[in-house]
K.L.:
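There's a structure below that I have some questions on.
Every heavy atom of this structure was used, including side-chain atoms; hydrogens, water molecules and symmetry mates were not. Chain letters run A, B, ... following the sequence lines, proteins first, then strands; residues in each count from 1.
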There are 2 protein chains.
Amino acid sequence: MATTSAKKGTAAGDRVRNASPAGSRSLSTAEERREELISAAIPVFAEKGYHAAPTTEIARKAGISQAYLFRLFPTKEELFVAAVERSTGRMVETLATAAARAEEQGMEPGDAMGLAYGDLVGSDRELLLMQLHAQAVSPAIPAVREAMRKCFANLYALGSERTGGSAEEMKSWFAHGMLINVMTAINAEEVNEPWAVALTDFEGDCFPRES
Amino acid sequence: MATTSAKKGTAAGDRVRNASPAGSRSLSTAEERREELISAAIPVFAEKGYHAAPTTEIARKAGISQAYLFRLFPTKEELFVAAVERSTGRMVETLATAAARAEEQGMEPGDAMGLAYGDLVGSDRELLLMQLHAQAVSPAIPAVREAMRKCFANLYALGSERTGGSAEEMKSWFAHGMLINVMTAINAEEVNEPWAVALTDFEGDCFPRES
DNA sequence: TTAACTAGTGAGTGAGCAATCACACATTTT
DNA sequence: AAAATGTGTGATTGCTCACTCACTAGTTAA
């Protein structure tokens with residue numbers, strides 16, 4: 001803008017201010033913008049799903065023009081895949097740290113992961129909705145299917161390694177995770193009928209109740 | 001039509017046949033057309049999901065005009081809800097008859113239902129995909145959410161009554177059903193990795209396998 | 001300085017889609 | 001017979017949306 005840049009001393013050693021540190025100047029790097037864009041996209045995709053989420057809204061939320069969105073991600077599909085990867089990655093990370101922390105404290109990692117998943121879903125509904133939408137479009141979009149498979153592969157590896165659980169136990173763990181997803185999707189916890197009460201009693205199967 | 005057979009004294013409620021070729025058309029009742037339309041809609045919704053499924057394609061598949069589609073179902077949403085209800089209804093029916101048949105033969109109804117669900121999903125992928133898409137739009141479309149809740153309520157009632165299973169057992173049964181859905185959605189059975197092998201081993205948890 | 005490059009945008013474009021409307025044909029009723 | 005009701009359609013409308021293009025401005029290298 002008005003800043004007539006004093007371009008002095010740009011010798012070989014170029015330590016530019018806006019490159020690595022967080023000094024956000026007027027222009028960001030494309031990579032930074034991409035990350036911001038994914039962050040803005042996740043709530044929109046989570047709320048509306050892939051097909052119903054308009055790129056205009058995502059761009060607006062990210063504070064950039066729609067035209068630039070399509071420069072950063074050539075297609076909406078690629079943006080969605082990036083959003084799914086970010087979401088699943090966060091999930092795996094969260095469970096991994098929960099398991100690690102539990103191990104330090106001598107707690108059962110399997111139980112800790114179960115608890116952590118319940119917390120995750122309870123506190124971060126977006127994550128769960130992204131899962132749900134990603135599953136739904138998996139048959140139609142190979143890249144999403146691939147991302148979901150990777151997510152399961154990572155979770156399974158994490159679980160096996162940390163807990164040493166049998167295949168049967170792992171399967172049960174995953175199965176209950178899927179049940180949590182679905183019950184949350186239909187808001188079953190606000191229903192006061194036997195089926196809803198039984199199927200939303202998440203804590204019971206993760207670890208012995210306290211508190 | 002040249003052959004206007006003088007009368008069609010239909011004492012009972014039988015309907016007009018439309019099997020007449022060569023340009024002659026007979027009219028069906030709106031209710032019949034609605035049923036046909038739902039049948040045509042299910043494959044399209046199952047393949048593409050709610051938002052990506054065009055009403056034009058559904059109408060074409062049903063052999064009627066798009067305009068008439070909107071006369072039979074004032075909104076796309078209502079058609080989708082009808083399709084979901086049909087799908088979930090079929091599922092409950094199938095499992096109920098499986099349980100009943102098993103009971104006659106002295107088989108464990110719970111195991112029979114597990115087997116029947118596996119068969120259902122393996123043979124009728126559409127049903128499963130409808131479930132998946134219905135779950136995904138449940139947060140956004142109250143009527144779909146309601147239909148899904150009803151489905152779970154019916155299944156739970158069926159399971160409790162037939163098998164007398166505890167809440168914990170029922171939950172496990174549902175959980176594994178949800179796992180089957182998701183694994184089928186991402187086509188895990190075509191993946192040859194430990195996680196996929198373990199998580200797609202459906203038969204094992206329903207009943208002791210032979211074969 | 002100037003040239004090359006990168007970040008960023010306003011204003012479209014073309015296509016697809018849900019929903020509407022005026023109208024035609026069929027069947028039943030009066 | 002005509003009227004009334006029910007089945008069915010072609011043409012269109014209004015709108016949304018993914019994606020493009022021509023262009024501006026900031027940043028860096030020669």
K.L.:
Specify the separation, in whole Å, of atom CZ of A:F80 and atom P of D:dA18.
P.N.:
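In whole Å, D:dA18 P and A:F80 CZ are 13 Å from each other.
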
K.L.:
Do we see a donor-acceptor contact under 3.5 Å between the side chains of A:T55 and A:Q66?
P.N.:
yes

K.L.:
For a 4.5 angstrom cut-off between non-hydrogen side-chain atoms, does A:E47 reach A:E126?
P.N.:
no

K.L.:
Can you measure B:Y68 atom OH to C:dA18 atom P for me and round it to whole angstrom units?
P.N.:
19 Å

K.L.:
I need the minimum non-hydrogen distance between A:V92 and A:L158, along with the two atoms involved.
P.N.:
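Answer, listing the atom of A:V92 first, then A:L158: O-CD2, 4.1 Å.
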
K.L.:
Using whole Å, what does the distance between atom P of nucleotide D:dG6 and atom CZ of B:R34 come to?
P.N.:
12 Å

K.L.:
Can you tell me the distance, in whole Å, between the CG atom of A:L72 and the P atom of C:dG8?
P.N.:
8 Å

K.L.:
Between C:dA18 atom C1' and B:F70 atom CZ, what is the distance in whole Å?
P.N.:
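Rounded to the whole Å, the gap is 5 Å.
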
K.L.:
Indicate whether any N or O donor in one side chain lies under 3.5 Å from an N or O acceptor in the other, for A:R34 and A:T29.
P.N.:
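There is no such pair (donor and acceptor under 3.5 Å, judged by atom type) between the side chains of A:R34 and A:T29.
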
K.L.:
Just checking, any donor-acceptor pair under 3.5 angstrom between side chains of B:E78 and B:T75?
P.N.:
yes

K.L.:
Whole Å only: how far is the CG atom of B:L69 from the P atom of C:dT20?
P.N.:
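To the nearest whole Å, that distance equals 12 Å.
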
K.L.:
Please state how far atom CZ in B:R71 lies from atom C1' in C:dC23, giving the value in whole angstrom units.
P.N.:
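About 10 Å, once rounded to whole Å.
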
K.L.:
Mind running a 4.0 Å heavy-atom check of residues 38-67 of chain B against DNA chain C and sending the residues that fall below it, in number order?
P.N.:
B:A53, B:P54, B:T55, B:Q66, B:A67

K.L.:
State, without any angle test, whether B:R86 and B:S39 hold a side-chain donor-acceptor pair at a distance under 3.5 Å.
P.N.:
yes

K.L.:
Give the rounded distance in Å between these two atoms: CG of B:L37 and P of D:dT7.
P.N.:
14 Å

K.L.:
Reading DNA chain D from 5' onward, which residue's closest nucleotide shows up sooner: B:E31 or A:E77?
P.N.:
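Taking each residue's closest nucleotide, the earlier one in sequence belongs to B:E31.
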
K.L.:
Taking atom types as they are modelled, is there a donor-acceptor pair under 3.5 Å from the base of C:dG8 to the side chain of A:R33?
P.N.:
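No such pair is found, so the answer is no.
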
